[in-house]
Amino acid sequence: HVFPQAASTVLPDPARFFAPGLLSAPLPTNCFFQNFTLKNGDQPEYIHPYSVRSAAAGLTVCYPARSHSPTFDIQTFAADLTVSSPSDAAAAAQPHRVVAFDDLSVTLDFSPSLRAFLVRGCPFVTVATAEAAGPVDVSVASVHAFLEAAPCDDARTKWRLRMNSGQTFLLYASAPIGLSQFSVTQLAAPGFSGVIRIAYLPDAAMETVLDQYSRCYPTAGEAALNRPFCIDYTWRKQGWGDLLMLANPLHLRLLSEDCSVRVLDDFKYRSIDGDLVGVVGDSWVLKTDPLSPTWHSTRGVNDDGVDEVVAALRKDVDSLASSPITTTSSYFYGKAIARAARLALIAEEVGCPDVIPAVHRFLKATVTPWLDGSFQGNGFLYDPKWGGLVTKQGLQDSGADFGFGIYNDHHYHLGYFLYAIAVLAKIDPSWGRKFMSQAYSMVADFMTLSRKCGASYTRLRTFDLWKLHSWAGGLTEFGDGRNQESTSEAVNAYYSAALLGLSYGDTHLVSVGATLTAFEMLAAQTWWHVREGEGIYEDDFSSNNRVVGVLWANKRDSGLWFAPPEWKECRLGIQLLPLLPISEALFPDAGFVKDLVSWTTPALARDGVGEGWKGFVYALEGVYDKESALAKTRALASHDDGNTLTNLLWWLHSRGNVDNTVVGSGRCCWYRQYGH
């Protein structure tokens, strides 16, 4: 890291929950088990297909029920089964320990004598007794009454647990276990040593499959980004036989024929993310279509629109000198410099190089102070406690910079900065060389791939290698788990990193940035873009929404952090901004775009709708009705603080179906020569 170290007064102490051996390396701040490391560590996390909570030296497993309405879809937590040891009762006040974690799992010592291997997508929750503990008395309790707790075999290694909730769980043990009913809601097993596996039984027909694969259990899992547009999953396992895991809908879409796995189409667990389907095999390959990050529009600007774009461009560039950036917020400042950087690239594309020096001067004057530490009022610093960037304002105020100081929204803020830095390094290579270390530190904050102890930043701070999208919420405890609002700003972060790679001739950074961009977009299209009748969400929710507002691990919300559900133009806008060449790949389906705009348009009649939000609605309308969108865009009185009239006109005049074999016919593609 190249930014000065600083001590934060608002960050929690990771030593409370992480084992001492983990504290010498950077730690995750936006990961799937984050609740286990915050406050009392007793909020549940959704580790598909179960919600899991660790509290009072017990591990509670829940197969979550769903509640839904036209405005939300939520999974609710109930203490279906809690595993503990009566001998650990004295340790109930002690926190659990995260003793190991990786891309796909977390290992939790939730009591002195019991350890849980929590592996994402595993149909079993696996608990092992500590080797040093010897035989352990085990308790299995429930908030429901047990109607049946009976062995299924003479060896007493499989038990059926049926509750008055209508649920049935199966318990498998690596050695004979004697469960007796201690009370209506509690079972007891004295002197057990070995491994216990618990699985919910959604359908009686699935029991034979669970039986078949009950003896092989995963203890860890890694996701490798060794090839462009591929993610390779590999699980470490113990026991006998083949490994049974569950795939979410996006996994199933991307599973490559290169891996020798077997999909069990009829073996399904319900999930807020869609059905989770059984897959047999301890290594998967997920492969997506290649994506080429480009500086400019893929088709070029229509020749008959160039003059209008150039006229707006000259005005917007002139306004840079008379409209200095006044904010010290890392988010809004980042939007402002990225907004200016767009003007330089549009100037390249429409053959207006004479305005680029003015944009160059503006960017150099506004970006440099954040990189050399001379900016007054804010700046980037390095936090050694968790291992990452924070801001000066965020050192003592957890709410400053939208929580950047507690690792909230890092990819959003840094993505805007990286876009501006990439453009400035492109047009001024000597400046780019001077500040290359700072630029790469900003990339590393949320895109480090290394797992080594010597790294300055945690591995892929925001990107979830199992869900295949990012999370924005940092070191804040949430009952509904992690969350992310704007997928398009997440896309911008990885896209901007790829552009930075283009500026520096770094093919590896281009590849990784483009790969994460591609997966983030697919996840947005899968879970944020709502298509009626698709089946992932309940009918009342999917019929009333075309985009999710905030997506949580356990919830889909139609509201935004800053707007109620009725402000549909804000929901559309926050899933589109910033408007870039990559935006057309995020919204590739013109039919869906038309449905989305039609769903949004009535909201524009509401009093007080911001002109900036209207601009994003009109931008998408231009995908299928350019002339109507142009007329409305020309009438706008103002624009979003990360957008300009130039950028909207560039977008609209580069829409339309053009045969890729004749790109440039009737379009301004001067930038293709200029850029080379």
Side-chain angles (χ1 to χ4, degrees), residues 1-11 317 319-344 356-385 387-447 456-457 493 496-497 499-500 503-504 641-642:
H1 58 88
V2 296
F3 293 98
Q5 284 198 25
S8 169
T9 62
V10 296
L11 285 168
V317 171
S319 72
L320 293 177
S322 59
S323 304
I325 303 174
T326 56
T327 183
T328 59
S329 157
S330 56
Y331 176 74
F332 291 114
Y333 199 100
K335 287 185 73 175
I337 56 176
R339 170 185 178 272
R342 285 290 305 133
L343 300 176
I356 294 177
V359 180
H360 175 206
R361 289 191 297 272
F362 179 86
L363 289 175
K364 194 171 182 179
T366 53
V367 175
T368 304
W370 281 79
L371 305 187
D372 66 13
S374 64
F375 184 73
Q376 298 299 308
N378 210 349
F380 294 117
L381 302 168
Y382 180 79
D383 155 50
K385 184 182 289 187
L389 296 182
V390 294
T391 57
K392 290 180 182 177
Q393 293 183 6
L395 280 179
Q396 297 179 327
D397 181 358
S398 62
D401 294 323
F402 293 104
F404 192 94
I406 55 172
Y407 293 99
N408 196 57
D409 292 353
H410 268 216
H411 54 328
Y412 293 171
H413 298 223
L414 296 174
Y416 285 117
F417 272 86
L418 290 175
Y419 189 88
I421 292 169
V423 173
L424 185 50
K426 178 181 189 291
I427 61 180
D428 187 348
S430 63
W431 181 93
R433 287 190 294 273
K434 182 177 180 181
F435 292 102
M436 185 175 181
S437 295
Q438 288 88 340
Y440 270 76
S441 287
M442 295 166 82
V443 172
D445 177 79
F446 67 98
M447 277 182 61
S456 296
Y457 301 97
S496 296
L499 295 184
L500 190 77
S503 289
Y504 286 121
D641 53 3

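Residue indices begin at 1 and follow the sequence shown.
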| said: We want to know whether S8 and D383 form a side-chain donor-acceptor pair, criterion being a heavy-atom distance below 3.5 angstrom. | reply: no
| request: Give the intermediate values and the outcome of side chain to side chain contact (heavy atoms under 4.5 Å, CB included) for residues L424 and F362. | output: CA-CA 10 Å; L424 185 50; F362 179 86; over 6 Å; no
| task | Taking the side chain as every heavy atom from C-beta outward, state whether Y407 and V390 have any atom pair closer than 4.5 Å. | result | yes
| What pair of heavy atoms forms the shortest contact from A358 to V317, and how long is it? | CB-CG1, 3.7 Å
| said: Please check: side-chain N/O of Q396 versus main-chain N/O of G394, any donor-acceptor pairing under 3.5 Å? | reply: no
| request: Output the distance between atom CD1 (I406) and atom CG (D401), rounded to the nearest 0.5 Å. | output: 11.0 Å
| query | Hey, what do you get for OG (S441) to CZ (F380), rounding to the nearest 0.5 Å? | reply | 11.5 Å
| said: When you compare the side chain of L389 with that of Y457, does any pair of heavy atoms fall below 4.5 Å? | reply: yes
| message | Contact between V423 and V359 at the side-chain level, heavy atoms closer than 4.5 Å - yes or no? | response | no
| task | Please work out whether the ring planes of F402 and Y331 are parallel, tilted or perpendicular, with thresholds of 30° and 60°. | result | perpendicular
| note | When rounded to the nearest 0.5 Å, the distance separating CG of N378 from OG1 of T391 is 5.0 Å
| remark: On a heavy-atom basis, the closest approach of H413 and D409 is CD2-O, 3.0 Å
| field | Exceeds 12 heavy-atom contacts within 6.0 angstrom, atom CD of Q5 | value | yes
| How about Y412 and F446: are their ring centres within less than 6.0 Å of each other? | no
| field | Side-chain donor-acceptor contact under 3.5 Å, H410 with D445 | value | yes
| To the nearest 0.5 Å, what is the distance between NE2 (H411) and OG (S496)? | 12.0 Å
| Within-4.5 Å side-chain heavy-atom neighbours: T368 and W431 | yes
| Residue that, paired with W370, satisfies ring pair (Phe, Tyr, Trp, His ring centres under 6.0 Å) out of Y416, F3, Y333 | Y333
| request: Would you name the heavy atoms of L11 and G405 that are closest together and state the gap between them? | output: CD2-O, 3.4 Å
| task | Kindly indicate, with the supporting measurements, whether the criterion side chain to side chain contact (heavy atoms under 4.5 Å, CB included) is fulfilled by R339 and D641. | result | CA-CA 8 Å; R339 170 185 178 272; D641 53 3; 5.9 Å; no
| query | How long is the span from the OG atom in S398 to the CG atom in N408, to the nearest 0.5 Å? | reply | 10.0 Å
| request: Give, for atom CE of M442 and atom CG of L371, the distance between the pair rounded to the nearest 0.5 Å. | output: 6.0 Å
| said: Y440 vs V2, test: side chain to side chain contact (heavy atoms under 4.5 Å, CB included). Steps then yes/no. | reply: CA-CA 9 Å; Y440 270 76; V2 296; over 6 Å; no
| note | Heavy-atom nearest pair, A338 first then A420, reads N-CB, 4.1 Å
| field | Nearest atoms (heavy-atom pairs only) where A425 meets G432 | value | CB-CA, 3.8 Å
| query | Under the side chain to side chain contact (heavy atoms under 4.5 Å, CB included) criterion, do I421 and Q438 qualify, and how do the steps go? | reply | CA-CA 10 Å; I421 292 169; Q438 288 88 340; over 6 Å; no
| message | If I compare all heavy atoms of T327 with all of F375, which pair ends up nearest, and what's the gap? | response | O-CZ, 4.1 Å
